[in-house]
Amino acid sequence: MSVEAAGSTSPAPFDPPLTHAEFIALTEELVAVTAPRLFAVVQSHEPEGAAPEECDARVAAWGMAFEEVSEVVSVDSGCRLSVRSLERVVRMFGGGADISARVVWVSPGASSEACPKASSGQDGVAA
């Protein structure tokens with residue numbers, strides 16, 4: 001038996017064969033290296049020059065980023081999207097002069113201020 005990621009070609013069986021414990025460890029490693037990254041799409045209402053207490057934000061969608069595509073589910077409508085570019089998601093959920101959207105990567109234990117804008121990468125996609 002061999003272990004492989006979905007869509008990959010089948011490698012030759014292990015020689016010598018793996019023990020059950022080695023197989024479990026290998027599959028756990030496979031899952032760890034191929035797991036999608038979880039993110040939220042956050043919409044912010046941040047009027048120019050507003051004090052932090054005048055800002056508001058909400059999670060508009062959740063997503064999983066895979067190597068070549070991201071899957072996104074809207075919180076309100078249940079709308080589901082498959083996109084190759086997170087910049088497209090940011091544009092879709094942004095709107096109006098004071099409403100912006102950004103991708104916030106889920107990192108256990110991490111936090112950032114909702115207002116003023118958290119540091120972000122290109123096109124509102126947080127690094």
Side-chain angles (χ1 to χ4, degrees):
M1 178 179 278
S2 60
V3 178
E4 61 188 81
S8 66
T9 58
S10 182
F14 293 105
D15 188 27
L18 298 174
T19 66
H20 183 70
E22 291 170 329
F23 178 77
I24 295 300
L26 189 59
T27 58
E28 289 173 354
E29 182 180 341
L30 174 68
V31 168
V33 299
T34 62
R37 290 182 64 196
L38 183 62
F39 63 89
V41 179
V42 176
Q43 289 179 320
S44 300
H45 178 251
E46 305 175 38
E48 190 169 330
E53 62 272 6
E54 297 173 314
C55 297
D56 194 17
R58 74 181 197 98
V59 174
W62 285 98
M64 290 188 300
F66 296 92
E67 189 172 324
E68 305 242 346
V69 68
S70 293
E71 300 293 329
V72 183
V73 179
S74 169
V75 170
D76 293 335
S77 67
C79 175
R80 297 176 187 273
L81 309 165
S82 291
V83 296
R84 295 197 182 275
S85 165
L86 290 180
E87 286 79 11
R88 173 172 278 175
V89 173
V90 169
R91 285 193 305 272
M92 291 175 70
F93 282 91
D98 294 337
I99 304 292
S100 63
R102 69 181 184 274
V103 168
V104 178
W105 297 101
V106 175
S107 299
S111 66
S112 64
E113 295 179 29
C115 184
K117 290 183 180 179
S119 62
S120 61
Q122 190 175 34
D123 295 324
V125 178

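What you see below is based on every heavy atom in this structure, not just the backbone, and it leaves out hydrogens, waters and symmetry mates.
Here the side chains of His45 and Cys55 are not in contact, with every heavy-atom distance at 4.5 Å or above. Side chains of Val41 and Val59 form no contact here, defined as non-hydrogen atoms less than 4.5 Å apart. When side chains are defined from C-beta on, Arg84 counts as touching Glu68, because their heavy atoms get closer than 4.5 Å. In this structure, Ser70 and Phe39 have side chains that are in contact, with non-hydrogen atoms separated by less than 4.5 Å. The closest side-chain heavy-atom distance from Trp62 to Val75 is below 4.5 Å.
Every residue was checked against the side-chain contact (heavy atoms from CB on, under 4.5 Å) condition with Val31, not counting sequence neighbours, and none meets it. With sequence neighbours excluded, the residues that form a side-chain contact (heavy atoms from CB on, under 4.5 Å) with Leu81 are Val72, Cys79, Val83, Met92, Phe93. For Glu71, the side-chain hydrogen bond (donor to acceptor under 3.5 Å, both in side chains) criterion is met by Ser82, not counting sequence neighbours. Remark: Arg58 engages Gln43, Asp76 in a side-chain hydrogen bond (donor to acceptor under 3.5 Å, both in side chains) (not counting sequence neighbours).
A donor-acceptor pair under 3.5 Å links the side-chain atoms of Thr27 to the main chain of Ile24, judged by distance alone.
The two residues Leu38 and Gly63 make their nearest non-hydrogen contact at CD1-O, 3.2 Å. Pairing each heavy atom of Ala101 with each of Gly94, the nearest pair is CB-N, 3.6 Å. Pairing each heavy atom of Val73 with each of Arg80, the nearest pair is CG2-NH1, 3.3 Å.
For residues 22-34, no pair satisfies salt bridge (Lys or Arg N to Asp or Glu O under 4.0 Å), with sequence neighbours left out.
Within the model, atoms CD1 of Ile99 and CG of Asp56 stand 8.5 Å from one another, a figure rounded to the nearest 0.5 Å.
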